[in-house]
Every structure is written in structure tokens, then in C-alpha cells.
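This report concerns only the one structure given below.
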2 protein chains.
Amino acid sequence: MAKAIKKETCQYRLIAGKDAMEVLQGKWRIPIIISLTDGDKRFGEIQREIGNISPKMLSQELKALEENKIITRTLYDSMPVTVEYSLTPLGRSTDKLLEEFLKWGTHFRNEIVGNR
Amino acid sequence: MAKAIKKETCQYRLIAGKDAMEVLQGKWRIPIIISLTDGDKRFGEIQREIGNISPKMLSQELKALEENKIITRTLYDSMPVTVEYSLTPLGRSTDKLLEEFLKWGTHFRNEIVGNR
DNA sequence: CCGAATCCTGTTTGATACTG
DNA sequence: CAGTATCAAACAGGATTCGG
């Protein structure tokens, strides 16, 4: 076993942070998860809700989230074809994180963003 | 007052998410904050602790965090000159967020990162 | 309607060397 | 020690077009 790292150390925290970063990083992943927290959605619905994301980026980021088991993609073979995206349990497990994230975003907005 | 947005709506959440993103985005900001949560540190200490950040990136990101009132920079005019960085109250207000971030990072690591 | 494919651009990031 | 300067590489993001 190579160099065990204790839970309390800064190094441990840095690693955990990097892991979380790996999945949630970028301009669009958290917005997408927020959007899907609201309920399962189709491609176009997510796009409209987020507002200014190009189909390319949305497609690309959805794929990445799917690979990381954060969301699932379900194809309904209707006419025309519809696709629905929804959070997996792992995806839903971000809810506490998201909540704090949003709380802090609001706090920060009030402290700083408003004053410039 | 232009188009009030209720707290519970997806749109409100998307905006708060974007605000938080604006400050915490990028590969290095959260690691830097984690490092400083551990205590005030000097430039070189942060760099060694994070491990593979170039001085240019560190300098640049520290500057951005300072502009957003997340950290402060204190110059001690000793010989040789030393500089210490520390979290502001606003910076320390990320602690709950960080905690959830790290908790989830660990969870994710166990679920996914370990299995690939 | 839901994307895939292509092309193109600007920003981010990094390696390295150097300065007060 | 605490950064800056410079140059190159990588990547994020956008515009557009096309297919099932």
C-alpha cells in the first residue's frame, strides 16, 4: 500500500477536490445537472432552459456526464425520435453539494457581484 | 424592477450557479482555497502543496481570487521579501460548500474513479 | 426534433527561463 | 522568495451545415 493519506490532511482534501473537479468542471456541467434536478428533460428543453449553450457543447457535455454515470440517456423510438435525460442516483447524490453551491453563489452575489 | 425571479425556480438556481462558477471555476481556484483553509501560506508553500501548478498560473489565480475578495495578500518587507496569503471572511464562507464538495469527491471516487 | 461532423477562433494552461 | 516574460500547446466554445 503506497503512502496512505489521512482523511484530515490537506493532501487528502486536495485529492478529493480534484476528483470532484474532474466531473463538475467547466461552464456547463453544473447548469445541466441543475436543470435535470428539476426533472427529466429532453435535449431541446435543456438547451432552452440554459439559454445560450450551443447544441455541440450540450451534446458533448451530456456525453461526458453520461460516461461518468451522472446522467442516463433514454431513447424513445417514437416519430420523431425523442430522447430523455435524467439523473442517476449518483447524479442525484450531488444535491447537498448543489444546494451549498447555490447558497454560496447567492451569498457571493450579494457581497460582491452586486457592488460592481 | 425587472422580471423578478423566484427562489425556487430552476432559473434562479441556474443564475446562482453561474455566480458561484464565476469565482470558483478553473482547475486551480478550489485547490488554492483548500490549501489556505489549512492556514495562511506563502507563495512557495502553496505551490509545493498543490504540487504541479506553474508559478504563472498560481500568480494569476491568486490575483483573481484577491480581486474577488476571497483572499488577501500581505507583504512583509523582510529580507528576503515574504508574502502571505490568507482567506477573507468571504473566503472562509466557502467552508460548508467545500466540505460538501470534498465529501462528494470522495463518494464519486469510490463509485467511479476506482473502477476504471 | 435531436443531434453528428466540420471548421475555425480565442482563451486557458503549461514549460521554461529570468528578475528584484 | 515571489513572482514576470515569453512562447507554444491544448482545449473550450461558436457557427454552420447536414442526416435520421
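The shown structure was predicted, so the numbers you read here are calculated from the model rather than taken from an experiment. Residue numbers begin at 1 in each chain, while the letters A, B, ... track the order of the sequences.
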Backbone N/O of Lys69(B) and side chain of Thr88(B): donor-acceptor pair under 3.5 Å: yes

Nearest-angstrom distance from the residue atom CG of Leu58(B) to P of dT4(D): 10 Å

Lys/Arg-Asp/Glu bridge criterion (N-O < 4.0 Å) met for Lys103(A), Glu100(A): yes

Nucleotides 4-20 of chain C: protein proximity per nucleotide (B base, S sugar-phosphate only, - neither; heavy atom, under 4.0 Å): S-BB-----BBB-----

Atom-to-atom span, CD1 of Ile71(B) to C1' of dA2(D) - whole angstrom: 14 Å

Nearest-Å distance for atom pair CD/P, residues Glu84(B) and dG3(D): 12 Å

Rounded distance (Å) that lies between atom C1' of dC1(C) and atom CG of Leu62(A): 15 Å

Under-4.0 Å side-chain N/O to phosphate OP1/OP2 contact, Arg42(A) with dC2(C): yes

Interatomic distance where CD1 belongs to Ile50(B) and P belongs to dA2(D) [whole Å]: 14 Å

Side-chain donor-acceptor pairs under 3.5 Å in residues 50-57 of chain A, sequence neighbours left out?
unit_1: Ser54(A); atom_1: OG; unit_2: Met57(A); atom_2: N; d: 3.3

Nucleotide dG3(D), atom C1' - distance to CD1 of Ile46(B) in whole Å: 12 Å

Side-chain heavy atoms of Phe101(B) within contact of Ile33(B), under 4.5 Å: no

OP1 or OP2 of dG3(C) under 4.0 Å from side-chain N/O of Tyr85(A): yes

Length of the CG-C1' vector between Asp77(B) and dG3(D), whole Å: 15 Å

Touch class at under 4.0 angstrom, heavy-atom based, for Tyr76(B) against every strand present: nothing

More than 12 heavy atoms of other groups within 6.0 Å of Lys41(B) NZ: yes

N/O donor-acceptor pair under 3.5 Å between Gln11(B) side chain and Glu49(A) backbone: yes

